[in-house]
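In the text below, chain A, chain B and the rest are named by the order of the sequence lines, each starting its count at 1.
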There are 2 protein chains.
Amino acid sequence: MPKATIDDVAELAGVSIKTVSRVFNREPNVRESTRDKVQRAISELNYQPNKAAQNLAGHRSRLIVLIYDDPSAYEIPSAGFIIRMQEGALRACRTANYELLIHPCRYRIKDVAKEMKALIEQVRPDGIVLAAPLSNVRKIVTAIEETDTPLVRVSPGKTNGKLFSVATNDREVCAEMTRFLASLGHKKIAFIMGHPEHKAVGNRFLGYKDGLEQSGLSFSEDLVASGDNSILSGEACAATLLKRKDRPTAIFAANDDMAAGVIRVADRLNIEVPGQLSVAGCDDIALAQQIYPALTTINQPLAAMADQAVMLLIDSARKSRTTQETAVVPATLKVRESTGPAPKD
Amino acid sequence: MPKATIDDVAELAGVSIKTVSRVFNREPNVRESTRDKVQRAISELNYQPNKAAQNLAGHRSRLIVLIYDDPSAYEIPSAGFIIRMQEGALRACRTANYELLIHPCRYRIKDVAKEMKALIEQVRPDGIVLAAPLSNVRKIVTAIEETDTPLVRVSPGKTNGKLFSVATNDREVCAEMTRFLASLGHKKIAFIMGHPEHKAVGNRFLGYKDGLEQSGLSFSEDLVASGDNSILSGEACAATLLKRKDRPTAIFAANDDMAAGVIRVADRLNIEVPGQLSVAGCDDIALAQQIYPALTTINQPLAAMADQAVMLLIDSARKSRTTQETAVVPATLKVRESTGPAPKD
DNA sequence: GGCCGACTAGACAGCGCTGTCATAAACAGG
DNA sequence: CCTGTTTATGACAGCGCTGTCTAGTCGGCC
């Protein structure tokens with residue numbers, strides 16, 4: 001059986017194709033009885049509109065493209081990141097009856113801009129979700145903007161600029177984590193900063209400081225170390241911090257890998273976690289649950305962010321693009337086993 | 001600047017739109033000089049053909065849909081599975097200038113068949129890659145076949161049926177693993193079977209038997225245990241196998257999780273791995289490298305399989321659909337630390 | 001020189017929809 | 001009952017391409 005077209009439906013229902021189109025697209029000004037007739041014809045023929053035709057005639061594709069960094073998506077540790085994003089984006093697409101195209105992108109190659117434009121002009125998506133870290137690569141953002149396609153950038157850290165974007169309350173939640181540690185009685189809470197290139201880094205550090213202040217603790221340079229986001233660097237930082245005679249009773253690392261490094265070092269130095277040392281991380285990667293003790297960390301609501309991003313895109317298509325805004329999806333503390341009351345001395 | 005259309009190019013080049021189309025699609029019978037003229041016009045205007053129009057007029061969408069099981073894709077342990085598939089599929093799509101649509105699918109809901117058909121008739125993909133375990137769900141396969149869209153099923157285990165599919169040489173490589181263990185001097189090689197629902201299970205067991213035979217070892221029921229693919233069941237099986245006085249010196253589990261369970265039990269029983277017991281798994285999931293000792297296992301070439309699948313799809317579109325075939329992408333042994341020479345007693 | 005085939009190029013319909021506009025029907029109000 | 005307005009429907013163009021068919025051009029060969 002050849003697939004039914006709008007003409008078939010129109011004929012069967014005894015109306016014009018335009019009326020069928022109206023019914024299918026829930027347009028107003030169709031009499032109830034006509035609507036019924038058409039509905040029956042539609043379901044009888046099992047009619048499904050051809051997207052290509054809709055797209056061509058209607059200038060909208062019901063397609064969202066999710067663009068993310070290519071090689072990093074396939075490295076096991078970050079696979080979770082992109083899967084979560086996809087999960088959220090797909091959820092929003094599904095409810096709005098959109099489809100999702102995924103497009104990994106190597107931003108280091110010269111022709112990214114050209115590649116992006118080609119992609120966009122070919123498929124004409126109704127919107128684009130640009131995942132971190134690409135969300136801060138200027139030439140990509142610019143290329144997309146030049147095509148006039150609605151764009152939402154998703155990034156756990158704050159995105160600079162005034163475009164649509166969705167972010168988390170990184171700073172606030174890091175303050176919350178710090179307060180949480182303080183509330184357990186910790187007075188000497190150390191912080192391990194991450195790779196300075198990461199956008200998120202600054203905010204997390206600021207959040208840490210906020211948290212100290214809010215808890216009535218004073219900030220000390222001596223309790224801050226700088227890593228590069230790797231487990232190894234976490235170990236190095238921990239070694240430094242823990243060797244001090246007046247050592248911290250809690251260490252808050254700007255990401256989970258470094259926190260894992262801290263736990264390793266504590267184990268080596270025979271410092272009990274969480275008995276003698278509380279450790280907290282950030283990101284809630286898979287590893288966080290797999291290590292012992294399971295890591296207290298901050299859950300990144302990646303799926304929710306992507307979901308939000310797609311919804312923004314779809315809404316902005318309906319209404320005219322409103323004021324430029326950035327949505328914030330709150331991250332939450334995941335308290336597990338690596339934190340506990342401060343040791344009494 | 002409004003996007004250039006084929007008419008713009010034709011006008012600039014001083015030819016008909018059909019000629020532009022010919023040049024762009026590398027059709028024959030265009031004079032070299034004309035081709036050049038058109039090429040120049042194309043690059044000057046930065047022309048990108050509108051896919052929707054191509055699709056509508058040409059009855060081909062240059063779109064591949066990857067369909068996979070929904071909830072399971074988002075569970076962390078299996079995220080790697082689907083990411084790998086995507087990786088391969090994307091690779092093939094990229095080189096052939098196709099785009100990839102991803103479509104998770106909950107196969108337990110009633111209307112899957114209808115949903116699949118709606119998806120297909122709407123987007124009219126040129127081909128569909130159906131990932132395991134969906135590749136063996138009859139109602140989905142049937143629904144897709146009824147739409148006459150080229151379908152390739154990807155499944156680590158063998159797929160039954162006579163459709164296009166790509167699989168691995170599960171049985172052969174399991175035989176290889178068994179021979180490998182035998183070559184290390186092991187005489188008592190036990191096997192832990194997985195969940196009987198899994199298609200792959202039977203083949204792996206057969207491969208194990210093949211391997212024994214090829215190594216001149218005899219098969220014994222006593223050396224076979226049955227788990228359900230979980231770590232816990234692996235522990236249970238290991239406990240049984242290792243409590244026997246005449247205990248095996250090597251255990252080959254049908255998946256990595258169960259192998260991990262074996263290692264846990266060995267640790268608990270103070271049996272050294274690989275000193276006193278060699279352990280091998282299958283699948284090479286992320287966990288395999290994270291546990292200690294790192295697990296010797298069998299690498300599933302998921303990316304390569306998906307790549308292959310998409311290539312099959314694209315080729316079958318070019319030539320007429322040839323004879324139904326199943327491509328086999330070989331899996332390979334990943335020898336790591338959990339296996340070693342049999343203990344001398 | 002005339003005819004045939006191989007190349008090359010263009011005219012044109014039409015893929016299956018949606019947008020626009022015209023028209024018809026229904027409904028007010030005076 | 002007629003005009004003015006709203007509501008319901010249809011006619012038709014056209015989105016930007018590709019497929020088909022036709023027409024012209026060129027050389028080769030008898």
Tyr47(B) ring center near Phe24(B) ring center (under 6.0 Å)
yes
Quick one, Val38(B) and Arg35(B) - any side-chain contact, counting heavy atoms below 4.5 Å?
no
Tell me, which of residues 20-41 of chain A have any heavy atom that sits under 4.0 Å from an atom in DNA chain C?
Ser21(A), Asn25(A)
Which nucleotide in the list dC17(C), dC15(C), dG19(C) gets nearest to the side chain of Lys18(A)?
dG19(C)
Return yes if a side-chain donor-acceptor contact under 3.5 Å exists between Gln86(A) and Gln86(B), otherwise no.
yes
Do any pairs count as a ring-ring contact (aromatic ring centres under 6.0 Å, His included) and have a residue in residues 120-139 of chain A, sequence neighbours left out, and if so which ones?
none
What one should report as the nearest heavy-atom pair of Leu134(A) and Val141(A) is O-CG2, 4.3 Å
Can you give me the bend angle of the helix from dG1(C)-dC30(D) to dG30(C)-dC1(D)? Use the axis through the first five pairs and the one through the last five, nearest 10 degrees.
50°
With a 3.5 Å distance limit and no angle check, can you tell me whether Asn25(A) reaches the backbone of Ser21(A) through a side-chain donor-acceptor pair?
yes
May I ask you to evaluate whether Thr19(B) reaches the phosphate of dG10(C), defined as a side-chain N or O under 4.0 Å from OP1 or OP2?
yes
His59(A) NE2 to dC17(D) P: how many Å, rounded?
13 Å
What nucleotide, of dC17(D), dG10(C), dT18(C), holds the atom closest to the side chain of Ser16(B)?
dG10(C)
Roughly, in whole Å, what's the span from CD in Gln54(B) to P in dC17(D)?
7 Å
Taken to the nearest whole Å, CD1/Ile6(A) to C1'/dG16(C) is 8 Å
On DNA chain C, more 5' by nearest nucleotide between Arg124(B) and Ile17(B) is Ile17(B)
Earlier contact from the 5' end, DNA chain C, for Gln48(A) and Val15(B)
Val15(B)
Return the value, rounded to whole Å, for the distance between atom NZ of Lys3(A) and atom P of dC17(C).
12 Å
What is the distance, rounded to the nearest whole Å, between atom CG of Asn50(B) and atom P of dG16(C)?
17 Å
Starting at CG of Asp8(A) and ending at P of dC15(C), how long is that distance when rounded to a whole Å?
11 Å
Take atom CZ of Arg60(B) and atom C1' of dC17(D), then tell me their distance rounded to the nearest Å.
10 Å
Quiz question: by atom type and distance under 3.5 Å, do the side chains of Glu115(A) and His103(A) form a donor-acceptor pair?
yes
Are any non-hydrogen side-chain atoms of Ile144(A) and Ile120(A) less than 4.5 angstrom apart?
yes
Among dC17(D), dG10(C), dT18(C), find the nucleotide with the atom closest to the side chain of Pro49(B).
dC17(D)
Can you measure Glu121(A) atom CD to dG16(D) atom P for me and round it to whole angstrom units?
12 Å
Taking the side chain as everything from C-beta on, heavy atoms only, tell me whether Ile64(A) gets closer than 4.5 Å to Glu99(A).
no
